[in-house]
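Heavy-atom basis, side chains included; hydrogens, waters and symmetry copies ignored.
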Amino acid sequence: MTRDERPLAGVPATIWLALAALLAAQIAWRATQAPAAAAAADLPPPPSAQALRLASFGEPAALARLAMLYLQAFDYGGTNLNPYGRLDYARLTGWLEAILELDPRSEYPLFAAARVYAENPDPARSRTALEFVYREFFVDPDRRWPWLAHAALLAKHRLNDLPLARRYAAAIDRNTRSANVPLWARQMEIFILEDMNELEAARILLGGLLESGAIHDPAEARFLQQRLEELERRLSGP
């Protein structure tokens with residue numbers, strides 16, 4: 001647990017009362033609906049971050065966590081037989097955006113977007129979740145890069161969309177500055193370019209990486225040098 005987090009026991013009673021009132025209202029509303037009317041698309045429009053902040057009584061991080069619990073429990077409270085499968089993803093990402101703005105240091109909304117909602121078998125909904133991760137990455141690249149790296153892998157392997165995967169990988173390489181961002185994350189674009197048969201672009205990026213002096217591990221430097229030589233052989237032809 002980080003220093004900016006507090007245990008649930010430390011959440012003020014006013015927050016628990018607000019949550020209880022919210023859940024009671026939701027249960028009462030659902031009770032008035034015919035069973036056939038309840039569907040994943042019934043996710044309410046997202047509140048604004050300002051409204052959530054006013055409702056937090058000075059405890060935005062606590063309310064952000066409770067709002068995420070409400071959001072993830074939404075499907076399971078109704079008659080939706082395909083959790084997350086038919087949610088209105090425009091509303092869903094609106095909720096995630098508001099919650100993340102309420103508590104920008106939380107990784108929970110980005111984790112849910114990349115590892116839960118983006119793995120929806122519906123490509124259109126998956127892309128909506130991935131684009132949410134991509135937009136929010138730029139707010140804090142050095143902390144949010146893991147979720148965009150996962151988005152790049154999903155774009156490549158699940159959506160079979162190499163240009164999209166490259167866009168995400170390139171954003172990591174060009175926008176992260178922290179030494180804590182591993183080289184494999186910054187090298188993703190090179191290997192995606194190889195998969196796209198963009199060998200010259202891959203060779204230029206890999207050569208630049210080797211010349212930059214950013215690689216300090218001799219074994220990794222040798223491996224990448226071998227990849228560079230292999231690319232050069234492929235470019236030179238048989």
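- Contact detail for Leu130 and Tyr168: the closest heavy-atom pair is CB-OH, 3.5 Å.
- Counting non-hydrogen atoms of neighbouring residues, nucleotides and ligands closer than 6.0 angstrom, the CD atom of Gln50 reaches no more than 12 such neighbours.
- Residues Leu199 and Asn197 meet the side-chain proximity criterion, which asks for heavy atoms closer than 4.5 Å.
- With values rounded to the nearest 0.5 angstrom, Arg222 atom CZ is found 11.5 Å from Gln225 atom CD.
- Between Ala113 and Leu96, the shortest heavy-atom contact is CB-CD1, 4.0 Å.
- At least one donor-acceptor pair under 3.5 Å links the side chain of Asp142 to the backbone N or O of Arg177.
- Using a 4.5 Å heavy-atom threshold, the side chains of Tyr108 and Leu100 count as separate.
- A salt bridge does not link Glu198 with Arg166: none of the charged nitrogens is closer than 4.0 Å to a carboxylate oxygen.
- Panel note: side chain Tyr117, backbone Thr128; no donor-acceptor pair is recorded below 3.5 Å.
- Judged purely by atom type and a 3.5 angstrom limit, Trp145 has no side-chain atom pairing as donor or acceptor with the backbone of Asn175.
- Connection of Ile204 to Leu193 is not established within any shared hydrophobic cluster, with ILVMFWY side chains joined at heavy-atom distances below 4.5 Å, either directly or through further cluster members.
- Hydrophobic clustering (side-chain heavy atoms under 4.5 Å, transitive across Ile, Leu, Val, Met, Phe, Trp, Tyr) keeps Leu102 apart from Leu54.
- Here the closest heavy-atom approach between residue Ala169 and residue Ala152 is recorded as N-CB, 4.3 Å.
- Among all heavy-atom pairs drawn from Asp161 and Leu164, the shortest one is OD1-N, 3.1 Å.
- In this structure, a donor-acceptor pair under 3.5 Å is present between the side chains of Thr176 and Arg186.
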Go through the steps to decide whether Asn120 and Tyr89 satisfy the test side chain to side chain donor-acceptor pair (under 3.5 Å), and finish with yes or no.
CA-CA 10 Å; Asn120 190 319; Tyr89 265 45; 3.1 Å; yes
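- Checking side-chain atoms of Arg144 against main-chain N and O of Val139 turns up no donor-acceptor pair under 3.5 Å.
- Qualifying side chain to side chain donor-acceptor pair (under 3.5 Å) partners for Gln187, counting only residues two or more places apart in sequence or in other chains: Glu220.
- A side-chain donor-acceptor contact under 3.5 Å links Ser126 to the backbone of Ala118.
- Closest approach of Ala149 and Met188 over heavy atoms only: O-CE, 3.7 Å.
- A search for side chain to side chain donor-acceptor pair (under 3.5 Å) contacts involving Asp195 returns Lys156, not counting sequence neighbours.
- Ring geometry for Phe138 versus Tyr134: interplanar angle over 60°, hence perpendicular rather than tilted (30 to 60°).
- Here the shortest heavy-atom pairing between Ile172 and Ala185 reads CG2-O, 3.9 Å.
- A salt bridge links Arg203 to Glu200: at least one charged side-chain nitrogen sits closer than 4.0 Å to a carboxylate oxygen.
- Ring geometry, Phe223 versus Phe191: the interplanar angle falls from 30° to 60°, so the pair is classed tilted.
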